[in-house]
Amino acid sequence: MTTLDTAPSTGASLRGARLPRYAPAIAGVISVAAAAIVGMSLSWNLAGMVILAVLIYLVGLTTWSRAVENSRAATDRLVTSLIWVALGIAFIPLVSLLYEVISKGAGQIDGKFLTWTMRNVVGQPGGIYHAIIGTLIITAGATVISVPIGLLTAVYLVEYSAGSRVASWIRFLVDVMTGIPSIVAGLFAYALFSLIVGPGTQFGIGGSVALALLMIPIVVRSSEEMLKLVPSDLREAAYALGVPKWKTVLKVVIPTALAGIITGVTLAVARVIGETAPLLIICGSTDSLNYNLFHGQMASLPVFIYTSYTQPGLNPSILQNMAWGAALVLIVIVMVLNIAARVAGRIFAPKTGH
Amino acid sequence: MNRTALRRVGAPAIAALALGLAVSACGAGNESNSTSGSTNTLHGAGSSAQQAAMDAWRSGYQTAHSGVTINYDPTGSGAGIQGFTTGALDFAASDAALDPAAGEVAKAKKQCGANALEVPDYVSPIAVIYNLDGVTKLNLDAATIAKIFAGKITKWNDPAIAAANAGVKLPSTAISPVHRSDDSGTTQNFTDYLSQAAGGAWTAPASKTWPQKSGEAASGTSGVVAAVKAGAGSIGYADNSQAGGLTVASVKVGSAYTAPSADGAAKALEASPIDTTRTAGDLAIKVDRTTTAAGAYPLMLTSYVIACPTYPKAKADLVKGFLSYVVSTDGQTLAGKNAGSAPLPPSLQAKAAQIIAGITAK
Amino acid sequence: MTTVTTETGSPKRRLGDLVFANLTRGAGLTILVALAGVAIFLTVEGAPALGAKSADLKGHANFLSYVAPLVFGTLLAAVIALIIALPLALGVALAVSHFAPRRVALVIGYMVDLLAAVPSVVYGLWGIGVLGPRLIPVYAWLAQHVGWFPLFAGPASNTGRTILTAGIVLAIMVLPIITAITREIFTQTPRLNEEAALALGATRWEMVRLAVLPYGRSGIVSASMLGLGRALGETMAVALVLSASGVVSLNLISSTNPSTIAANIALTFADSTGLQRNALIASGLVLFVITFAVNFGARAIVSRYESGSKA
């Protein structure tokens, strides 16, 4: 390190001395090696060694840069390294989580797991069919409620409001609504149906209402963005042909923006399908299939995961393992929806050029 | 444009619908029919402590009587009684007997048109579980347990613990008491035991909510067991059946120390008087936590099933059939196997069976 | 965007327009009604709790003393989450917007999406099953060596289910939302400002410090507030991870922790009846008001900033 000379005076030449391009790599290798040697001689665990390696790298590269380049370049290198470290720290949990869920959950999934329910299943692994169906039905209900409201609101905001005060309030409150805690949505649905149907009512549609409350703002915002992207030329062409405005919206504007709208709705579904808290309160749980959205408790994957993990009964490992399996299924469903949203966006994208 | 758009939406929508129908058309692999709402359906709710036993009973009864559906929601004892007294449920299960002072007895009577029936159907010893290296046998009396859970005894080598455990080498490890963070009948019975049996060492009354603001909180029996397992020096309370692999303390009864067992719980129940202020069909038991009967284990949870004496014709036989099965020797054995509960003592079982046999059609 | 409609003449057409316009306006108003409905129904169902006695309030004298410790715990957990998440999120956002090569940035973007896609209950499973146990030695070390500092006073939890663990899990969960917003704003930094800084000989960090961060300041503030709002209302992860006793304590590593409003509702709702339920709903209303205020503030900053940037 010291053999390299510092530039005589920084800024005197147009370009001061620079570390070689591969300097970070060298520093990395050296710090990993140093940390491994120290760590092994003191018999540390992996985490300790990694932390040490990172520290050596940060200090080493900064000092080296300071010695060769200048203090500003050193700061730059330090910050750059810190940003990569932050990136690493941020994704360790993700990697660990996916690893755990896959390693603990994958072994659970087989034909029985996916096609059985927990009805009459005592003291042995059953299936999560009832929870999968419940999740699909409840979420479908939420979509049916939220998409018309959300889409029409977006149409109102883009096509009809024209800077009205109500519109700006709606836009603002929709944004605020994205921050409603899911459990509050659940309590709202519970309070609502307690007053309408009777105290303590638990059924699937309540869950749909709660999830719809969480979905609406996402649908509104994404649809609004998409409708805004529709060129005014199209609208004006339609008007010029004497097409009334509502027909223009329904037959020109919305179809043109359809790809983005579908993507937005799919992402909104993906966002709420894993919600647990509202369903825990308003849908309850059951061990049997229930296709009736309007009567009786309905199982759902997130609630199944929670109750199986926290109340596994006499032989905890059976239900807790099933909880991991259900968690894997749930993550796969969310992933599929996310991918589907992107694919849908591509497939339905309006063809450019005629 | 419109037509292409329609086709664009239409095709995937139809595909999705078809897929959905295909999926939902075939029922679950293990459910032949799940026609709820028919006359062959019973609705019950209440105690979450009874859930495992109820699952076993429902499964047993439904398997033996095809076409019958018995629903049970472990919504909690209070909600169960509330649902029963408003007529939403056919039967309720509760960790505490109907409370005359709170008007529950009167409400149930009004709903049923006659005095409601109430019989114990589930008895489970509560174990004091601990995790302490090298200590496989531990004796504790109620006052010491109270002081540990109140945070007044903080080290395992405290003189109060040492006095009851001559010859056991107790480490100086800190004690970490674990309690339930959710409301539960287990907590209610544990605190009831402490307030009755610990003398002045436990001042809080029995309650479903843990009354102390110290120690580790864990959700559910399994949460407590997991927390005790994970933490060296931990102590907690849990249904004996779920103590899985943990060391269990013996509790002082009279002058001896008794380990939790189904027999011990049944003995303690037998030694406890039936509440004589109740009506004939009401088998509410005043559990005597201070009993000194040899072999009795008074730290246990007693849970009841509550029903009406008369039902509409369509339901009477079903209620009678299911509840008779619950208190029968078969039913109690099945619960013992699947929920780890203690079978009802024979004398009590006979009384309960007799009361349920009296259910008639309107 | 919106074009002024010209009168097309035919009354039939106008009727169609009138119906459709009112339909869309109705949908917009439905949202406002729904939002008001949340407040109204929670108030109606929560109001009886004000008259609740201590038996229904876990031994607290009145509703206020019942909810105060929960509010404390909710804020504490959310603030811990924010303190941990903010620097990481800024790092990730800067990596995507200015530091990483395009392809790498794309991958990072996908991973952030993935982080946002994991359901909260799964984070809870991970927190209680994986993270908590890993942190036990860390907490023991903290209690032993920095125990003089009130935050780490100990005695250390021996299950790892502390409010700090809950805060870390929450931090991971709010990371995507903060990252998404700050990344958006960082990439919007006027190219000219950046190039001007670089032309003056600034290093990349100096360019970020001089051009990007000042431009994105209000965005960072509002992103933090939105993240805070998310952390305040997060339920299942906390309910699973936290060993909650409902105390008021700043001790981050002991087994006796404050509870949060949301976790308290999730844990006790099923077994509650009557006034207890009303009290839980009322506490939900308190949570709603807090998160509404935080989100309102955040959005107000964003919208002021948006209109400012347009002007």
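Predicted model only: the values in this text are computed from it and were never measured. In what follows, chains are A, B, ... by sequence order, proteins preceding strands, each numbered from 1.
- Judged by distance alone, the side chain of C:T24 and the main-chain N or O of C:A21 form a donor-acceptor pair under 3.5 Å.
- Contact of A:L213 with chain C is made through the side chain alone, with heavy-atom distances under 4.5 Å.
- Distance check: C:M207 CE to A:D76 CG gives 9.5 Å after rounding to the nearest 0.5 Å.
- Note on C:I168, C:I281, C:L125: by heavy-atom pairs under 4.5 Å with chain A, the leading option is C:L125.
- Proximity to chain C is limited to the side chain of A:L280, based on heavy atoms less than 4.5 angstrom apart.
- If you tally non-hydrogen atom pairs under 4.5 Å between each of A:I281, A:V166, A:I331 and chain C, the highest count goes to A:I281.
- To the nearest 0.5 Å, atom OG1 of residue C:T291 and atom CG of residue C:L228 are 10.0 Å apart.
- Within the model, atoms CG of A:L192 and CD1 of A:I282 stand 8.0 Å from one another, a figure rounded to the nearest 0.5 Å.
- Of the atoms belonging to A:L98, it is side-chain heavy atoms, and not backbone ones, that fall under 4.5 Å from chain C.
- Using a 4.5 Å cut-off between heavy atoms, C:L32 touches chain A through its side chain atoms alone.
- No donor-acceptor pair closer than 3.5 Å links the side chain of A:S223 to the backbone N or O of A:V220.
- In terms of heavy-atom pairs under 4.5 Å with chain A, the best-connected choice from C:G129, C:A117, C:G284, C:A85 is C:A117.
- Using a distance-only test at 3.5 Å, with no hydrogens or angles considered, no donor-acceptor pair links the side chain of A:S161 to the main chain of A:S164.
- To the nearest 0.5 Å, the span separating CD1 on A:I180 from CG on A:L214 amounts to 7.0 Å.
- The stretch residues 109-125 of chain C participates, sequence neighbours left out, in these side chain to side chain donor-acceptor pair (under 3.5 Å) pairs: A:R342-C:D113, C:S120-C:E234.
- Below 30°, between 30° and 60°, or above 60°: for C:F288 and C:F292 the angle between ring planes is between 30° and 60°, a tilted geometry.
- C:E206 contributes a side-chain N or O that, together with a main-chain N or O of C:T203, makes up a donor-acceptor pair within less than 3.5 Å.
- For A:T80, the parts lying under 4.5 angstrom from a heavy atom of chain C are both the backbone and the side chain.
- Of the listed residues (C:I265, C:L280, C:L285), just one forms a side chain to side chain contact (heavy atoms under 4.5 Å, CB included) with A:L187, and that residue is C:I265.
- Neither the backbone nor the side chain of A:A270 comes within contact range of chain C; no heavy atom of the residue lies under 4.5 Å from a heavy atom of that chain.
- With a threshold of 4.5 angstrom between heavy atoms, A:V174 approaches chain C through side-chain atoms but not through N, CA, C or O.
- In this structure, chain C has heavy atoms under 4.5 Å from both the backbone and the side chain of A:L97.
- With a threshold of 4.5 angstrom between heavy atoms, A:R72 approaches chain C through its backbone and through its side chain.
- Each of C:L287, C:V294, C:V121 has some count of heavy-atom pairs under 4.5 Å with chain A, and the biggest count is that of C:V121.
- No part of A:V303 comes within reach of chain C, as not one of its non-hydrogen atoms sits under 4.5 angstrom from that chain.
- Classification of the A:W246-C:F20 ring pair by plane angle, with boundaries at 30° and 60°, yields tilted.
- Only the side chain of C:M236 comes within less than 4.5 Å of a heavy atom in chain A; its backbone stays farther off.
- Within the model, atoms CD1 of A:I89 and CG of A:L82 stand 9.0 Å from one another, a figure rounded to the nearest 0.5 Å.
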May I have the step-by-step check of ring pair (Phe, Tyr, Trp, His ring centres under 6.0 Å) for A:Y190 and C:F269, ending in yes or no? CA-CA 11 Å; A:Y190 177 82; C:F269 195 83; 4.9 Å; yes
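- At a cut-off of 3.5 Å, with distance as the only test, a side-chain donor of A:S96 or C:W126 sits close to an acceptor on the other residue.
- Both the backbone and the side chain of A:I170 come within less than 4.5 Å of a heavy atom of chain C.
- For chain A, the nearby parts of C:L29 are the backbone and the side chain; heavy atoms of each come within less than 4.5 Å.
- The choice from C:L35, C:L226, C:T30, C:I40 that makes the most heavy-atom pairs within less than 4.5 Å of chain A is C:L35.
- No other option in A:L151, A:V249, A:T276, A:L87 has as many heavy-atom pairs under 4.5 Å with chain C as A:T276.
- A:Y306 touches chain C through backbone and side chain together, each having a heavy atom under 4.5 Å away.
- Inter-residue side-chain proximity for A:S65 and A:T62 is flagged as unmet; no heavy-atom pair is nearer than 4.5 Å.
- With a 4.5 angstrom heavy-atom cutoff, A:S168 does not touch chain C via any of its atoms.
- Heavy atoms of C:V286 lying under 4.5 Å from chain A are absent altogether.
- Residue A:Y239 holds its OH atom at 9.0 Å from OG of A:S232, rounded to the nearest 0.5 Å.
- Chain A forms the most heavy-atom pairs under 4.5 Å with one residue out of C:I261, C:L94, C:V44, C:V38, and that residue is C:V38.
- Among A:P231, A:A189, A:G274, A:A191, the residue making the largest number of heavy-atom pairs under 4.5 Å with chain C is A:A191.
- For a heavy-atom cut-off of 4.5 Å, chain A lies close to C:I172, C:L175 in residues 170-178 of chain C.
- Using a 4.5 Å cut-off between heavy atoms, C:R230 touches chain A through its side chain atoms alone.
- Side-chain polar atoms of A:T178 and C:R299 form a donor-acceptor pair below 3.5 angstrom.
- Each of A:L267, A:V101, A:L195, A:L227 has some count of heavy-atom pairs under 4.5 Å with chain C, and the biggest count is that of A:L195.
- Remark: C:E45 does not engage C:R277 in a salt bridge, criterion side-chain N to carboxylate O under 4.0 Å.
- Per-residue counts of heavy-atom pairs under 4.5 Å with chain A were compared for C:G233, C:G91, C:A27; the largest is that of C:A27.
- Among the candidates A:N338, A:V79, A:I149, the residue making the largest number of heavy-atom pairs closer than 4.5 Å to chain C is A:V79.
- Heavy-atom pairs under 4.5 Å with chain C peak, among A:L301, A:V230, A:D175, at A:D175.
- The cationic group of A:K245 lies under 6.0 Å from the six-membered ring centre of A:Y160 and within 45° of the ring axis, placing it in a cation-pi geometry.
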